[in-house]
Structure formats: C-alpha cells, structure tokens
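The sequence lines fix the lettering, A, B, ..., with proteins before strands; numbering per chain opens at 1.
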Protein chains: 2
Amino acid sequence: MKTTFGEYIRLLRHNKELTLTQLAAKLNLDSANLSKIENGKRDFDEKRLPKLAKIFKLNLIELRNEYVTDQLAKHIYETNCTKQLLQVAEEKAAYRRKLNKSFQTK
Amino acid sequence: MKTTFGEYIRLLRHNKELTLTQLAAKLNLDSANLSKIENGKRDFDEKRLPKLAKIFKLNLIELRNEYVTDQLAKHIYETNCTKQLLQVAEEKAAYRRKLNKSFQTK
DNA sequence: TTAGACTTGTCAATTTTCGACAAATTTAAT
DNA sequence: ATTAAATTTGTCGAAAATTGACAAGTCTAA
C-alpha cells in the first residue's frame with residue numbers, strides 16, 4: 001500500500017534509527033516542524049528534496065516523483081475528485097501540453 | 001477537445017455577447033483581471049463559482065467539476081506528471097481516503 | 001482619429017505558508 | 001513513581017504567494 005510522503009520520511013528515519021531532532025538538524029529545520037510533516041499536518045518544502053535525497057542516499061528523480069504524486073494525491077483527495085473526473089483532468093493536462101507546444105513553434 | 005477554465009469562461013461570455021467589462025462587473029472584479037483569467041495568467045477564485053453559475057444558468061456541481069479538473073490539469077501539467085505517475089497519485093489518494101475513514105471510526 | 005474592447009505591468013493589500021520557540025504529552029528505562 | 005528523552009501541539013511573526021485595483025498600453029472597427 002502506498003503511503004503519504006510524511007509517513008515515508010518517518011519510515012526512512014526509523015530505518016536509520018534517527019530521532020526527529022537528529023534528522024531535523026540535518027534538514028535545517030525544527031524537530032517540531034518535522035513532526036508535523038511526518039504526521040501530515042504540514043507540507044515538506046520542495047526546496048529540501050535534494051538534501052533529503054542526500055541524507056538517505058536516494059535518487060533525486062525518484063524522490064521527486066514520490067513527492068509530486070503525494071502532492072497530487074492530496075489535491076485529488078481534498079477536492080473529492082472521482083476516477084472519472086481524474087480522467088478528464090488528464091485530458092485537460094494533455095491539452096495544456098499541446099497548447100504550450102504550438103506556442104513554442106510560433 | 002477539452003479547454004482550460006479561462007477559455008471556457010470566454011466561450012460562455014461570447015455566447016452571451018458580453019464584454020469583459022460587463023461580465024467583470026457581474027462578477028465583482030476588474031475587467032483587467034478577468035482578461036488575465038481568460039488568458040490563463042491568473043486563476044479564477046473558487047469563491048466566485050456560485051456567481052458564475054448563476055450568471056450563465058449553469059449547474060453548480062458541474063461547473064465546480066470543470067473548475068476542479070482544470071486545477072488538477074494545471075497541477076499535472078506543471079509538475080510534468082506522466083500517466084504512470086498519475087496512476088500512483090490516484091492510489092495514494094485512495095490511501096488517504098482509507099486513512100480518513102479509519103480515523104472517523106475511532 | 002476616435003471610441004470601445006482588450007491586454008499588460010505594477011503595486012499595495014490580503015491571504016497562505018513556513019520557521020521558530022515554548023509548553024505540553026508520551027514513551028521508555030530505572 | 002521519577003526522570004529524561006522523544007514527540008506532539010499551540011502560537012507567533014516573517015516570508016511567500018495570491019488577489020484586487022489602477023494606469024497605461026495595444027488592437028480593432030467604424
């Protein structure tokens with residue numbers, strides 16, 4: 001089962017047996033805020049992804065994919081978006097890509 | 001082909017043969033800002049959906065679906081999210097729904 | 001060339017998000 | 001039970017993003 005990004009960080013942290021305070025220090029933030037992030041009460045700031053990847057020796061691209069899908073999932077969840085509507089959104093995204101492409105060539 | 005929300009508003013407006021100034025007045029905003037909205041340079045404020053529905057006699061639920069899918073499309077587009085990743089995001093959204101459900105029953 | 005429709009740039013005001021600190025609460029070991 | 005460390009929660013001001021408003025610009029059609 002997929003997890004939230006916060007739960008994922010907690011998992012990584014526990015695997016390395018780090019405390020909130022220890023990991024927070026490595027990430028240049030407060031342990032209180034990291035706690036909120038792990039518990040889904042705040043968002044992880046995208047700017048810190050490279051640092052996070054480095055700490056846990058993760059591929060940055062893959063980590064960013066974890067992050068992006070989590071953010072999208074949150075958006076889908078919060079807007080009560082059904083599978084059907086998600087399909088429509090996907091088509092609209094394709095349309096935006098097309099728009100951008102035709103704009104480039106002009 | 002699906003359109004952006006801004007293009008959709010422009011379509012509605014032209015169908016009723018309203019000017020930017022006229023529609024903007026009905027929506028309680030500046031014609032300059034409405035122009036930006038139609039051209040995708042600003043977001044339409046969700047708070048105005050009921051007003052928009054009323055002006056064009058649209059079903060609010062359906063209009064909101066148009067809006068939500070547009071916002072998601074923008075998110076998908078801006079994060080360069082592939083179909084594959086979107087699938088992951090959908091699963092994560094399902095997980096969030098499940099989390100919330102189990103939280104409710106406690 | 002003038003009027004009306006639309007677009008673009010800018011800035012202050014509002015709103016939202018974020019980092020930090022203090023004060024709880026929880027957990028684990030003695 | 002008592003203590004210490006780990007975690008959580010509440011609140012605050014600062015930083016960032018969004019929005020509304022105004023001014024000045026372009027474009028189009030008489």
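Between B/Leu29 atom CG and D/dA21 atom P the separation is 8 Å, expressed in whole Å. When rounded to the nearest whole Å, the span between CG of A/Leu23 and C1' of D/dT8 equals 16 Å. Distance, B/Glu46 CD to D/dT18 P: 15 Å, rounded to whole Å. Rounding to whole angstrom units, CG of residue B/Asp30 and C1' of C/dC11 are separated by 14 Å. Rounded to whole angstrom, the span from the NZ atom of B/Lys74 across to the C1' atom of D/dA17 amounts to 11 Å. Computed from coordinates, the A/Phe44 CZ to C/dC18 C1' distance equals 13 Å when rounded to whole Å. Remark: C1' of C/dT17 and CD of A/Gln71 are 12 Å apart, rounded to the nearest angstrom. Atom-to-atom, CG of A/Leu34 to P of D/dA6 comes out at 14 Å; the value is rounded to the nearest Å.
With the nearest nucleotide of DNA chain C identified for both A/Asn33 and B/Leu20, B/Leu20 has the one nearer the 5' end. DNA chain C is contacted by both A/Ala32 and B/Thr19; B/Thr19 maps to the nucleotide lying nearer its 5′ end (nearest heavy atom per residue).
When the side-chain nitrogen and oxygen atoms of B/Arg10 are compared with OP1 and OP2 of C/dA5, none of them lie within a distance under 4.0 Å. Here B/Arg48 reaches the OP1 or OP2 of D/dG20: one of its side-chain N or O atoms lies under 4.0 Å away. Dashed line: the shortest gap from a side-chain N or O of A/Arg42 to OP1 or OP2 of C/dA20 is not under 4.0 Å.
A/Arg10 is not listed as a side-chain neighbour of A/Glu7, based on a closest heavy-atom distance of 4.5 Å or more. A/Lys51 is not listed as a side-chain neighbour of A/Lys26, based on a closest heavy-atom distance of 4.5 Å or more.
A perpendicular orientation is assigned to the rings of A/Tyr67 and A/Phe5, their planes being inclined by more than 60° (bins at 30° and 60°).
Side-chain N/O atoms of A/Lys36 and base N/O atoms of D/dT11 include a donor-acceptor pair closer than 3.5 Å. Checked by distance alone, B/Lys41 brings no side-chain donor or acceptor within 3.5 Å of a matching partner on the base of D/dT19.
Salt bridge B/Glu66/B/Lys2: absent, no basic N to carboxylate O contact under 4.0 Å.
Comparing C/dT7, D/dT7, C/dC18 by their closest approach to the side chain of A/Asp45 singles out C/dC18. Listed nucleotides C/dC18, C/dC21, D/dT7 differ in distance to A/Thr21; the shortest reach to its side chain belongs to D/dT7.
Under a cut-off of 6.0 angstrom, the local environment of NZ in A/Lys54 is sparse, with at most 12 non-hydrogen atoms contributed by other residues, nucleotides or ligands.
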